[in-house]
Q: 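Here it is, the structure, as C-alpha cells.
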Amino acid sequence: MVSDFFYPNIGGVELHQYQLAHCLIQRGNKVVVLTHQYGNRRGVRFLSNGIKVYYLPMRGFYNQASFPAILAALPIVRHVLLHERIDVVHCHQAFSALAHESILHARTMGLPVVFTDHSLFGFRDASSIIMNKLLEFALSDVSHVICVSHTCKENTCLRAELYPSNVSTIPNAVDATQFTPDPSACDPSKVTIVVMSRLVYRKGIDLVIGAIPIVCEKFSQVQFLVGGDGPKRLALEEMREKYQLQERVTLLGEVSHSDVRSVLVQGDIFLNSSLTEAFCIAIVEAACCGLMVVSTRVGGVPEVLPHDIMRYADPTAEDVAHKLCELIPLAKQRSPWALHERVKKMYNWFDVAERTEAVYDRVAKLPSLSLLERLKKFYRIGPIAGKVFAFIGVADFLLHKLMEWLDPKQAIEAAVEFDPAFFLKKKSGEPL
C-alpha cells in the first residue's frame, strides 16, 4: 500500500489503510506500507499488529503530502517493491504525490496497480482542474479503481474519464469491538451533542458556529462537546464568548483515535457538518457507539446509514439547527445497544478486506501493457497534456532500464519473511 497519509497522522484515509492492512494480514496476505517520513520517524518500522511500514526519506510538503519528485522516487520505490517481492501495488488518495508517482513506477515495472479514491473534487476552480488532469494521467494506466461510495465512483469516473466497469465501490467500515456503547457515561439530565472533526472550512465548522446559539436558546438542557483542532477553533471560542456559552460548549482540542470512543459515548447525538464528503467514517463510528446522527446531505453521506438513524440537513446553519431541534426530544428514547447491533451487521473490515482481495486476484491475472500501449493512453489525455505525460512515461521507462543495468533485479536480496502471527503471540505472552 502506498500513500502520503498514514500513521502517525490521523484521518479517514489513514484509518482505512491501517484497518484494511490488518485484516488482509489476518487473511494470510503479506502487506507492506510505503509513506513519507514523519518527523524523525524514518526507515523501516513494524506497528503493533505486525504491519511493516517503510517511512521513505521524503518530507511532508503541503497538508502532509510529500513534495512531487516525479522520477526521482523511482530508485527507492523500485528497490522496495523488488526487495519485498510485491505482487500488487495499492495506492490511496488523489492528494498523495507519492501515490501518483508509485502508480507510474509500478506500471513501468509491469506490476498491477489498484487505486482507491477517498475524496470528492469539483470541476470549476483552478486547483480542481489541475488535480483532475493529474488524476486522469495517473488513472489512465491503473489496473482497477476502488471508490468508497457510489457518489465517489461517479465523481471519479467524470474527473478521470474512466469506464465505470473498471471502477468498484467498496465502502469504509468500523471496528465494532472498539466502538461499543456505554450508557452510564452519558449525563441523564442533559442532551449532549458531539462534534468530532478537524476544525476547518471544508468540515463545515461555520455551520456549527451558526447552529449552536440557535439550539442552546431553544433547549436549556443541551450541551455540546467539540473534539478536534484547526484554524476554525478561534471562531468557535469567539462564538462561545459572545453568547456566554462557556458552561455548555466544551472544546476538547485534538483527540487521538484511541480516545474517540470515550468521547462519543458521552453523547446522545452526533453532528457532522461537512461541506463535502465521499463517505464519512465518523458517523458510522458514532452510530456504532449508540448515538443518533444529524448530517449535512452532501456527497456520499446519504448512502452510509438508514434514515431512521440519521437526519439529513441542508448545508445551512438554520437547517442544521432545525434538524437538531427535531432530534433532541427523541435522543433519550433511543436504544444504544440496538443501534450498535444494526451498524455492526452493516459494516465490517473483514468484508472490506475480502472484497478488496477479490480485486487483487482479478488484476493479478491481467496481462502487462507494453510501453507503446501505455503511451497511447497518455497521448489521448489532451493535445498538450498528452504529449507532456507521454514524455514523462518515456523518461520513466528509460530511467527504469538504467536502474536495471546499475542495480539488477537479481542482485536485490529478498526481504526476510515476517510472521505477524508469531509476533502477536510473543507480544501477548501466548505459548509459541
Side-chain angles (χ1 to χ4, degrees), residues 3-5 11-14 16 61-66 68 91-101 103 115-142 145-164 166-172 197-210 228 230-232 235 272-283 295-304 312-317 319-320 380-386 388-389:
S3 181
D4 280 317
F5 309 100
V13 179
E14 294 84 349
H16 179 105
F61 172 61
Y62 176 73
N63 282 348
Q64 297 300 336
S66 59
C91 300
H92 290 261
Q93 188 60 319
F95 289 111
S96 173
L98 180 60
H100 287 285
E101 293 159 9
I103 291 172
F115 177 82
T116 296
D117 198 2
H118 298 261
S119 300
L120 302 178
F121 278 83
F123 299 89
R124 299 177 62 183
D125 57 286
S127 61
S128 294
I129 292 171
I130 295 171
M131 179 58 71
N132 292 344
K133 186 57 70 174
L134 292 174
L135 187 70
E136 185 180 355
F137 165 51
L139 300 193
S140 66
D141 196 28
V142 297
V145 177
I146 297 173
C147 294
V148 295
S149 68
H150 293 289
T151 302
C152 182
K153 175 179 177 178
E154 182 180 351
N155 182 261
T156 302
C157 287
L158 290 172
R159 287 159 47 211
E161 298 187 13
L162 299 172
Y163 290 108
N166 198 38
V167 183
S168 299
T169 299
I170 302 177
N172 291 313
S197 170
R198 293 193 297 274
L199 305 184
V200 296
Y201 171 78
R202 191 175 70 85
K203 292 296 182 179
I205 301 304
D206 291 321
L207 304 183
V208 176
I209 294 170
K232 289 290 182 180
N272 171 55
S273 58
S274 294
L275 300 179
T276 175
E277 200 76 69
F279 184 86
C280 192
I281 296 179
I283 61 179
S295 175
T296 45
R297 188 190 296 272
V298 296
V301 170
E303 303 175 29
V304 178
Y312 301 102
D314 294 331
T316 64
D319 200 45
V320 169
R380 293 192 196 106
I381 294 174
I384 298 176
V388 173
F389 295 146

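Just so you know, these numbers come straight off a predicted model, no measurement behind them.
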Q: Tell me whether Ser128 contacts the main-chain N or O of Arg124 through its side chain, where contact means a donor paired with an acceptor under 3.5 Å.
A: no
Q: Distance from Ile205 atom CD1 to Ser197 atom OG, nearest 0.5 Å?
A: 4.0 Å
Q: Take atom OH of Tyr163 as the centre, draw a 6.0 Å sphere, and report whether it contains more than 12 heavy atoms from other residues, nucleotides or ligands.
A: no
Q: Does some side-chain heavy atom of Leu139 sit less than 4.5 Å from a side-chain heavy atom of Leu162?
A: yes
Q: Would you mind reporting whether Phe279 and Val304 have side-chain heavy atoms less than 4.5 Å apart?
A: yes
Q: Among Lys203, Arg202, His118, which residue satisfies the side-chain hydrogen bond (donor to acceptor under 3.5 Å, both in side chains) criterion with Glu277?
A: Lys203
Q: Quick check: do Ser168 and Val145 have side-chain heavy atoms less than 4.5 Å from each other?
A: no
Q: Should we count CD of Glu303 as having more than 12 external heavy atoms under 6.0 Å?
A: yes
Q: So do Lys133 and Ile130 actually touch side chain to side chain, heavy atoms under 4.5 Å?
A: no
Q: If you define the side chain from C-beta out and look only at heavy atoms, does anything of Gln93 sit under 4.5 Å from Asp117?
A: yes
Q: Would you call Leu120 and Val298 a side-chain contact if the rule is heavy atoms closer than 4.5 Å?
A: no
Q: Check whether Asn272 reaches the backbone of Ser295 with its side chain - one donor and one acceptor, N or O, closer than 3.5 Å.
A: no
Q: Going through the distances and angles, do Asp206 and Lys232 end up as a salt bridge (charged side-chain N to carboxylate O under 4.0 Å, His left out)?
A: CA-CA 8 Å; Asp206 291 321; Lys232 289 290 182 180; 3.1 Å; yes
Q: Could you check whether any side-chain heavy atom of Val148 comes within less than 4.5 Å of a side-chain heavy atom of Thr169, counting everything from C-beta outward?
A: no
Q: Can you find a heavy atom in the side chain of Tyr312 that is under 4.5 Å from one in the side chain of Val301?
A: yes
Q: Phe121 vs Phe95 aromatic rings, parallel, tilted or perpendicular, using cut-offs 30° and 60°?
A: tilted
